[in-house]
There are 2 protein chains.
Amino acid sequence: MISQEKNSGSAADIPITTDRAHPVTLREVAEAAGVSTATVSLVINKKKNARIADDTRQRVQEAIQLLGYRPNAMAKNLVSGTSKFIGLVADGVATTPFAGQIIHGAQDEAWKHGYALLIANTEGNVDLERDAIAMMLEYKVRGILYSTWFHRATEVPETLRESDFVLVNCFSPDSPASRAVVPDEAQGGKSATEILLRGGHRRIAFINTTTPAPAKDGRLEGYREALEAEGIAFDPELVMEAYPDQEGGYGATEELLKLNVSAVYCYNDRMAMGLYDGLREHGLAIPEDMAVVGFDNQEVIAAHLRPPLSTVSLPHYELGAAGVRMLLGLDQAAGDGPVKIACPAVERASVAVHTAA
Amino acid sequence: MISQEKNSGSAADIPITTDRAHPVTLREVAEAAGVSTATVSLVINKKKNARIADDTRQRVQEAIQLLGYRPNAMAKNLVSGTSKFIGLVADGVATTPFAGQIIHGAQDEAWKHGYALLIANTEGNVDLERDAIAMMLEYKVRGILYSTWFHRATEVPETLRESDFVLVNCFSPDSPASRAVVPDEAQGGKSATEILLRGGHRRIAFINTTTPAPAKDGRLEGYREALEAEGIAFDPELVMEAYPDQEGGYGATEELLKLNVSAVYCYNDRMAMGLYDGLREHGLAIPEDMAVVGFDNQEVIAAHLRPPLSTVSLPHYELGAAGVRMLLGLDQAAGDGPVKIACPAVERASVAVHTAA
DNA sequence: TTGAAAGCGCTAACAC
DNA sequence: GTGTTAGCGCTTTCAA
C-alpha cells in the first residue's frame, strides 16, 4: 500500500480518491478553494465577462484537480431547463446487420453538437415503444429520432408528438408535415443501372423483390429512368420478381437465362449472391457471360464475393447524421416530403469495364 | 381548427397542448388538483403507505391527464442522488455487422431493471473515448460497459476507474481484478469440431486465422480438446492458417485438398464462404465430398450459403446482457478471470448426418 | 472581483 | 390524509 506512494510524481495529478456514493460537489470545491460556489461556477464555465483574479482562478483549478471534481450534468440540465439528450428509438436497427450505422451516424453528429444519445430498441413492440418514448420525454430530450430498420411507411406514435421528432428511414403518409429522411431509392436504382449501361450493356434485366416497399417502386423507377436516358425502351419482360434473399436470387437463375440479357441488376446484394451460385452452376462467368450489380452494399457480402460485387450503397450512416441535423434545425429544410439521401454507387469487379469501340 | 373538436370524445384523453419550452411541472398539477406537491408526488409514486383519500387520488390523476404531465427525470435523479443510466462505450460495435447485438442485449437487460442506455461509439479514438467516459461520469451513470467489437485484450482507460465498470468482449491483463465477460472460444471451437465428429469424420482439418487473438488460441484449443475426447491424436499437419475472410478461405483450398481430410473447421464463416467457392471450383460437393463448419454464425452468410453452413454462434446479445447483469451485481460473481459465455452450435446442412454403421 | 441567495422540479421528513 | 419545508448540485441575478 504505502509503497505505491513512491510513484506519485506530481501530487496534483492524483485526485484524492472519492467515495463513489458521494461524488465531489461544486460546493466542496468552493470550500477547498476558499471561494464561493458562484465563483467556482464562473471559472468552470469560462464565462466571457468573468472577471476573476488570476490567482483565484488558479486556486479553483487546483481544487478541482485535487478533488477530482466532475460536474453533475443533471443538476446543470435541471437549472438550465434544457437537456443535452437526443433520443433514438429504433424498431430493430441494432438487430439487423448494417443498419447499426444509423446509430453510429446519429451518435457522431449528436456528439458533434454536444448532445448525448439515449437509445431504445423496441423490436417493433408497441408497448415497449410507448415506454421508451415516455422515458425519453421524461429526460426532456431535445428531440427524438424515430427509425426503422428498412425503408418503409410508418405510423407516428401519438406520444412522439409531445416532442420534436424526425423520421429516419421511414416516412408517414398520414402526417405529411412530419419531417423525415429516407434513402433516395430511385436515384440508387438509376445509379445501379448506369453502372451496367457504362459497361456497354443494352439489354439489362432487373430482378425486383416480391415484397411491397418503397424500395421496390423506387429501384424500379430508377431502372426505367436510366434506360430512358439512354434511349432504351423499357421492356417489362425484362423485369422479374423474386424473394429478396440468396435463395430468391438462386431460384431466379433459370428464368433469367431465358431472357437473353448480358447484364442483370438485382434488388439487393443477397439476391446477387444467390444468383452468383446459380450462374456458376450453369458454367457462366461473371462478368464475362453476365454482368451483375446489386443494391445495399452489404460489406460482408458485396466486397467479398467472387468477383466482388458492384452495387449501390444504402446510406445508413448519413441517414442517422442527417436525422439529427434536421432535428437540430441545422439543415435548410427542403421543400415538402422527406429529404432524400443519395445512394452512391460502389463499383467493383462484377461488371467489366467497357472498352468503347 | 375548431372542427377538430368534433372528434374529442372523452375530454380527459386530450391533454391541453403544452408549451414545449415549458413542460408541465408537478407544482402545476398540484395547483390544478388543489393539493400540495407532496400529495401529487405520493400518488405518482404509488407509495405503499400512501394513505391518500380516494377522491383526492382521483383528482390528481385527472389533473395529470388533463395537463399531460411528464415527470422530470433529471430532477428525480438529482434528489435521489442516483441516476438510472448505464453507459456503453464501444470501440466500434455499431460499425461491425452483427456486434450491434451487444448494444441490443445491453439495452434490453438495462431496460428490464429500469435503466436507460447512454451510448458512445469511439471508433477507437482515444480522445473521443475520454470525452465519452467523462460525459457518462457527469451524468453519474450507475456504471459503464466498455466493449470492443472483437474479442481481445485491452487497456482500461484511467478515467473508467472513476466508475463501476465491466469489460464486454474484452479483458484486461494488467488489471485482473476488473470484471469482464467474454465469449467462450474454446468451448465454441470444441462444439464446432464436435459437429464434424458427430458427422462421422475422424480426419478433420482446421484453418485457423493468421491474426493473433484470443479467438485464435481458444478455437484451436477447443479443436484439440474435442479430438482428444474422441481419442483422436492431434495432428499439427492438419492445422493451417489463412487470413480470416473470404479470400483467405478461398486461397486455402489447394493446401486443404492436399491434406486428404473429409472435413474442415474454419476459423470463421467468412473463411468458410470463400472455401465454398474454392471447393466448388474443384468440382467438390458440400457436404458429400467435404464437410464444413464455420464460426460466428454471421446470419447473412451462414444461413444462406449453398448449402447453409453449420457453425457456432458468437453470443453478442448475451455478452451485452450479461455485462449489465454483472454491473448491477445480479449474477453471482464467478471465480477469478472473465466470465465466459457459451457459443452455441448452430447446425445446418454443411455436414451430413451420420448414419451410424 | 467576489459572495449571498433564489430557484430549477422533485422527494422525504415531519408536522398538523 | 395532507401540507410545509428543506434540500439535491448547480447557475444566475444582484449586491457589495
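The analysis underlying the following values was restricted to heavy atoms, covering all of them including side chains, and did not include hydrogens, waters or symmetry mates. By convention in this document, chain letters (A, B, ...) are assigned in the order of the sequence lines, proteins followed by strands, and residues within each chain are numbered from 1.
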Kindly state which residues belonging to residues 28-36 of chain B come within less than 4.0 angstrom of DNA chain D, counting heavy atoms of the residue only, listed by number.
G34(B), V35(B), S36(B)
Crowded around R27(A) CZ? As in, over 12 foreign heavy atoms under 6.0 Å?
no
F85(B) vs Y139(B) aromatic rings, parallel, tilted or perpendicular, using cut-offs 30° and 60°?
perpendicular
Is it true that [X] and [Y] make a salt bridge, defined as a side-chain N closer than 4.0 Å to a carboxylate O?
| X | Y | value |
| --- | --- | --- |
| R57(B) | E62(B) | no |
| R325(A) | E318(A) | yes |
| D91(A) | R152(A) | yes |

Walk along nucleotides 7-13 of chain C from 5' to 3' and tag each nucleotide B, S or - by protein heavy-atom contact under 4.0 Å, base first, then sugar-phosphate.
BBBSBB-
For V181(B) and F171(B), what are the C-alpha separation, side-chain angles and deciding distance, and is it a side-chain contact (heavy atoms from CB on, under 4.5 Å)?
CA-CA 8 Å; V181(B) 248; F171(B) 58 94; over 6 Å; no
Report the C-alpha distance between I119(B) and I103(B) in whole Å, list the side-chain angles of each, state the deciding distance to 0.1 Å, and finish with yes or no for side-chain contact (heavy atoms from CB on, under 4.5 Å).
CA-CA 8 Å; I119(B) 83 157; I103(B) 297 183; 4.2 Å; yes
CG (L128(A)) and CG (N121(A)) are apart, to the nearest 0.5 Å, by 9.0 Å
Length of the line joining D55(B):CG and dT2(D):C1', which is rounded to integer Å
12 Å
